[in-house]
Number of protein chains: 4
Amino acid sequence: MCLKNRFLATASLPLHHMAGNIFGNIFRITTYGESHGKGIGVVIDGCPAGLFIDIAFIQKELDRRRPGQSDIVTQRNEDDRVQILSGVYGDISLGSPIHLFVPNKDARSGDYHHLSDAFRPSHADYTYTQKYGLRDVNGGGRSSARETIARVAAGAVAKLLLQKYQISVDAYVSQVGTIRIPEGEHVDYTLTESNIVRCPHQGTAEKMINYISEIKAAGDSVGGIISCCIQHCPVGLGEPVFDKLHADLAKAMLSINAVKGFEIGSGFEGVTMLGSLHNDIFEKTNQGIQTKTNHSGGIQGGISNGMPITFRVAFKPVSTIMKDQQSITQDGDLITLEGKGRHDPCVVPRAVPIVESMAALVIADHLLRNVNSKI
Amino acid sequence: MCLKNRFLATASLPLHHMAGNIFGNIFRITTYGESHGKGIGVVIDGCPAGLFIDIAFIQKELDRRRPGQSDIVTQRNEDDRVQILSGVYGDISLGSPIHLFVPNKDARSGDYHHLSDAFRPSHADYTYTQKYGLRDVNGGGRSSARETIARVAAGAVAKLLLQKYQISVDAYVSQVGTIRIPEGEHVDYTLTESNIVRCPHQGTAEKMINYISEIKAAGDSVGGIISCCIQHCPVGLGEPVFDKLHADLAKAMLSINAVKGFEIGSGFEGVTMLGSLHNDIFEKTNQGIQTKTNHSGGIQGGISNGMPITFRVAFKPVSTIMKDQQSITQDGDLITLEGKGRHDPCVVPRAVPIVESMAALVIADHLLRNVNSKI
Amino acid sequence: MCLKNRFLATASLPLHHMAGNIFGNIFRITTYGESHGKGIGVVIDGCPAGLFIDIAFIQKELDRRRPGQSDIVTQRNEDDRVQILSGVYGDISLGSPIHLFVPNKDARSGDYHHLSDAFRPSHADYTYTQKYGLRDVNGGGRSSARETIARVAAGAVAKLLLQKYQISVDAYVSQVGTIRIPEGEHVDYTLTESNIVRCPHQGTAEKMINYISEIKAAGDSVGGIISCCIQHCPVGLGEPVFDKLHADLAKAMLSINAVKGFEIGSGFEGVTMLGSLHNDIFEKTNQGIQTKTNHSGGIQGGISNGMPITFRVAFKPVSTIMKDQQSITQDGDLITLEGKGRHDPCVVPRAVPIVESMAALVIADHLLRNVNSKI
Amino acid sequence: MCLKNRFLATASLPLHHMAGNIFGNIFRITTYGESHGKGIGVVIDGCPAGLFIDIAFIQKELDRRRPGQSDIVTQRNEDDRVQILSGVYGDISLGSPIHLFVPNKDARSGDYHHLSDAFRPSHADYTYTQKYGLRDVNGGGRSSARETIARVAAGAVAKLLLQKYQISVDAYVSQVGTIRIPEGEHVDYTLTESNIVRCPHQGTAEKMINYISEIKAAGDSVGGIISCCIQHCPVGLGEPVFDKLHADLAKAMLSINAVKGFEIGSGFEGVTMLGSLHNDIFEKTNQGIQTKTNHSGGIQGGISNGMPITFRVAFKPVSTIMKDQQSITQDGDLITLEGKGRHDPCVVPRAVPIVESMAALVIADHLLRNVNSKI
């Protein structure tokens, strides 16, 4: 019997947090990695066994978010090659955790050292320092956009799962600054990748590219909107009342860096409509029950209704600019930050695959949550 | 040793779902109850012991969302009296689960029976039937707005916790249809409860009330926007990377019936701004470090920065209208639905306490998640 | 733009906990209620729609754990009538949360008031007081055995689900003090309910009853062992590596009051065996693949193998006795506690349905987690 | 508005599972890796920032579980060098996920190929094949003992956290086969590492080593018991009612390969005691409130009471033996399995650090869950 040595004085119990690097319930991912550490990775727990894990497709998705892919994105030169470290044998998923790892290459810590005791405006420097009591000065740690590599890698696996059910997820840039695809224009998702801004409307795309080039030359940045459409989603995904499908999509999108807004279906414009016009009338077609309009955006009562799921995501202008800005240091001293290094004048072209990935992760998780809800 | 009777044939394994009636991680609520069953309730797990549980305050909050409170809301007559069934002893929380229960009273099932085999447009009838294989015809089951009683009751307890830290949560109606508070007008939250539409700008409030009365008389419905401001929130709430504070706020808001959009800080308007103007410049004041502007909406890198947290929530026009509408039955037959019963011509006045409650639940949970993140 | 009123001094951030009243992942229960409050209840989230909810069966299960059911259990007189408050319509589950409530009746707070500032030996008085800073003196709050009502009510619903797949869960008393069913005796589960001690071996049952009666007369208490066998469990339940099926069973059992040990299959005796004898040899039978022996207890690698799942649970002698005991008060003063009130001389007869319920909850949850793990 | 392309026929929805590779609530780990893949790793989410991450200590812990460390363990030759891939900067934790990776070296797949279509007795071959529909033939995939590398690496970080609060976790071998430390003998934890069997009682250790050597020579295996004592644990850890501290310890232990039983405090022996002897009497000492005996094992009502936490874990004889065994193939054909390759004749010496690690993970998680439960 162990009697001696009971607890000692507990002068200071640990102060703590419950961290937020896990996403999803059944198809569940854990991400890790700092922008200027050894690499970025993700562990996927809950992927069914027997799925063909197409590493070429995962790499292709990563290439879509890669820096340096065109003139209008940051010139940081990372090739972002993915490695599969576990969970796959002979290209087939084993049912065990799938670990995808992307080593960092082009980490120029020097670019950031001159910032080390200043709080960059609208960056996470101040909040991270206050929260964690220290600061990973080399590029923002977990607040860096490189963190989204893990989302895209995991999202690619989710897409492979969705493809087995013919579910597609297509995002595209619909607005940059005030330049937007004209109302009522047809959007052909197959054209999204045909230009570097990822806007499937060619005339608008050209204007956007020119505008971003000007912004870049001026050392400034600008925001934009990404629209997304999920097609062939089965009826029944989404769990009342808190885990409504669009609630989980909203959280997924707002968790992406620089996102400030989300709307589904009629969104903010819908508030001015009358119910008699906004209501989507059901009709029976030879494809099954549909609605004549789709103001609901494919989700009713939090549950997918079989219509296309449509939503829009607002991105602010990125905080890193090449202009001088005033700020303060950790000690409260005034300082002028010079614009140095590399930056994305507009984040939306590279964010298209990120939006798709987060959407795919949400749909995959809800697909697995809702095999069927009835006996 | 037990050897006999190994498993039998498992002709049909159960098809299933993982339900979504639980919200929060540490301050965690489980809600239950159908609109026309015995009542609506919530169990709060994770509320610290020693908190004064002011039942009068909880009741006052419920009264703010109560039907029948004014001429511009539904006339369903529920008094919605809350009972505390566990977790509290002598008005003090015990640290054990707090159970709040609100019995249903005025359940006129007859109002809905004529609908029983039709799918109401933009309601959850179709999706629930497809998902669960049956239908609680008496008023929508969990998709009814009565479900929000549980949110407001739990939110009131969260507010009591936040009050100990002087954190306030103030929502108000900023837009109904196209009527909105003029840009730049001062908003005094103490006036929100001074009128029945809950708009703190008196002139705008009158216009809104008149407009809603017209809509009601026409048997139609209209949407609106609720703005919310959280003040005195400490720096450091929010967990990178997926549980960013505004990501959890977005999910909380989109989980409310009829919500179609969410934006934080500069939101959708911010996409047209340049980074050099959008960036919030830090300055040292005698109140500590602040930012000169607040386009970030009080959150940077997913973590609260001590500035007011400001967001806006878009509500569509409610689906229940008093006009005839075409639809189909479960068998696909065409049917004309007559507008009967009671309805809310505009949901936003009653949704103000719901928005506040969901916000309070998110902040309370993150407050408890983030006692401190450093040793 | 909201600029004023940033956060105030946060002199003392809330100290907190993440409470533990939720069990299960998909078939997930939240329990609440104090022994001497208004009642005990449970909310079940994740039960599929379309299940026949047999309230008579739930009541019958509760009657098996009811106090006052025989001479050898506590004489506290509760009839423990269950009410269904949500989630069921016409005896069929809706897929929404099922709320089961059992009001308290015979709460003699007076029995406990003489104890109010003393720490009863081996009770939770001391730990609860230290943890929560206050004390629900009326009968132990959440540490009371009445809390298990919620487990049995929820477990009955889980059993109804398991019955659809012919899975049975049978527990029985195999040992009281040193009296045990002789090695190698046949155990017929249909006899378990034929006597008040719930031992299916009649001769042993009589000895146990006599012994417990003596212990009761002496005002003392004694421990015992409950054995349990789950039959017809399909192959494949259990999730490597942490959520092994027997790991979740172990947690479920140790979460029951007074339980001090758990063993599966060969258990503690297995440590003395050689591997060549312990290994269960596979054979093909006309019922499918089986093992010749079952030292594994129906689980291999954390996953059910189709053989009966067998485990044993050790219960200590309950702490409440009718003898005088020495203790100290909150202030550290010596005090003699007199044995007063009512007590269970041996907890195992009433714990049989509790063990079955917790086992049923684990199996139901894993059944729903593992519809199938492969595409 | 997106109207076309609603969902297609969903011939076969995915069958699925919710995987179990995540452990803990606040201090939360995700593990991955197959025994014969590229390596084994763990991501720790929720470790506070500012903790000194002593990689030499982590390596030392891994060396304690390393194969090939002595004559009585398996001779597989892995040096198991740990790498830190994220979450640490200059030896200090950042608050972001800490990723620890141990590459595999000595993977002789050939050793296992002769087994590829046979089900090894009491291994997970059969259950994994049935569950996942395929089989990682190269050494057992996630069911391999190499998976525990991740537990020990994460447990080492947990120990570093506990050391800040002077909490110690000491496990040792108390029984091998029928050889056990004599009752009442003093146990000095500082001697555990002084011999290769990790039994701190020297005379007993010698007998154990000789016995295991005999068993090894015979190509057989034998079980054992590991005892563990956690000292200086503060009062108040553990969450009623399901997340009792010893319930989480039980789950942690049963999740370790080959574990068949767990008991806390008086355990299975306690069932034969009378309550009047079993109750632990409180007394006030100059070190604070203690109990005279510790049959409770340091936990009362599921909450630590400040006394040493003592528990015992039963390990079966490992299934891999060097003797011929009969079995069947996937097609049901009889086959004789020859004993080839490498094996652990007794797993307990190497399991000591694994038991300590899992215990440390549970205590660290509960420490962070329970900063304090009262306002």
Side-chain angles (χ1 to χ4, degrees), chain A residues 15 17-20 23 119 121-122 124 127 130-133 142-143 177-178 220-221 223 235-236 239-240 242-244 246-247 250-251 254-255 260-261 263 267-268 270-272 274-276 278-282 284 300-301 303 305 314 316-317 321 323 327-328 332 369-374, chain B residues 15 17-20 23 119 121-122 124 127 130-133 142-143 177-178 220-221 223 235-236 239-240 242-244 246-247 250-251 254-255 260-261 263 267-268 270-272 274-276 278-282 284 300-301 303 305 314 316-317 321 323 327-328 332 369-374:
Chain A
L15 303 172
H17 69 305
M18 180 192 202
F23 187 79
F119 298 130
S122 290
T127 50
Q130 293 296 106
K131 185 179 184 75
Y132 300 111
R142 289 293 281 167
S143 72
T178 57
D220 215 326
S221 66
V235 185
E239 302 301 331
F242 296 114
D243 297 350
K244 291 184 166 83
H246 56 294
K251 170 164 176 161
L254 269 293
S255 79
K260 304 300 280 186
E263 58 183 9
F268 276 89
V271 307
T272 64
L274 296 184
S276 52
H278 192 276
N279 279 354
D280 295 319
I281 304 302
F282 287 105
K284 191 168 186 179
Q300 292 177 324
I303 299 169
N305 68 355
K316 69 164 190 176
I321 56 177
K323 295 188 154 182
S327 189
I328 56 175
R369 281 175 80 166
N370 180 67
V371 173
N372 203 325
S373 308
K374 57 195 180 238
Chain B
L15 303 172
H17 69 303
M18 180 192 201
F23 187 80
F119 298 131
S122 289
T127 50
Q130 293 296 107
K131 187 180 182 75
Y132 300 112
R142 288 294 280 167
S143 71
T178 57
D220 215 328
S221 66
V235 184
E239 301 301 332
F242 296 114
D243 297 349
K244 292 185 165 84
H246 55 296
K251 171 166 174 157
L254 268 294
S255 79
K260 305 297 280 184
E263 58 183 9
F268 277 88
V271 306
T272 64
L274 296 185
S276 51
H278 191 276
N279 279 354
D280 296 318
I281 305 302
F282 288 105
K284 191 168 187 180
Q300 292 178 325
I303 301 169
N305 69 355
K316 68 165 189 174
I321 56 176
K323 294 189 155 181
S327 189
I328 56 174
R369 281 174 81 167
N370 181 66
V371 173
N372 204 322
S373 308
K374 56 194 182 239

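Each chain gets a letter, A, B and so on, in the order the sequences are listed, and its residues count up from 1.
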Subject >> Heavy-atom donor-acceptor pair, B/D280 side chain to A/S122 backbone, under 3.5 Å >> reply: no
Subject >> Options A/P240, A/S327, A/G332, A/G261, ranked by heavy-atom pairs under 4.5 Å with chain B, top entry >> reply: A/P240
Original post:
Do you know the tightest heavy-atom contact between A/Q300 and B/A124?
Top reply: O-CB, 4.3 Å
Subject >> A/H246 NE2 to B/K260 NZ distance, which is reported to the nearest 0.5 Å >> reply: 6.0 Å
Original post:
Which one of B/F282, B/F23, B/F242 has the most heavy-atom pairs closer than 4.5 Å to chain A?
Top reply: B/F242
**OP:** Look at A/K131 together with B/E239 and state whether they make a salt bridge at an N to O cut-off of under 4.0 Å.
**Re:** yes
Subject >> Contact winner vs chain B - A/G270, A/G301, A/G177, heavy-atom pairs under 4.5 Å >> reply: A/G177
Original post:
What residues form a salt bridge (Lys or Arg N to Asp or Glu O under 4.0 Å) with A/K284, not counting sequence neighbours?
Top reply: none
Original post:
Hey, which of B/I328, B/I321, B/N279 has the most heavy atom pairs under 4.5 Å with chain A?
Top reply: B/N279
Subject >> A/I281 side chain near B/P121 side chain, heavy-atom distance below 4.5 Å >> reply: yes
Subject >> Donor-acceptor pair, side chain of B/S276 and main chain of A/D220, under 3.5 angstrom >> reply: no
**OP:** Applying salt bridge (Lys or Arg N to Asp or Glu O under 4.0 Å), name anything that partners B/K251, two or more places apart in sequence or on another chain.
**Re:** A/D243, A/D248
**OP:** To the nearest 0.5 angstrom, please state how far the CD1 atom of B/I303 sits from the OH atom of A/Y132.
**Re:** 5.0 Å
Subject >> Portion of A/L274 that has a non-hydrogen atom of chain B nearer than 4.5 angstrom >> reply: both
Original post:
Is there a donor-acceptor pair closer than 3.5 Å between any side-chain N or O of A/S255 and the backbone N or O of B/A247?
Top reply: no
**OP:** For the pair A/L254 and B/K244, evaluate side-chain contact (heavy atoms from CB on, under 4.5 Å) and give the outcome as yes or no after the intermediate values.
**Re:** CA-CA 8 Å; A/L254 269 293; B/K244 292 185 165 84; over 6 Å; no
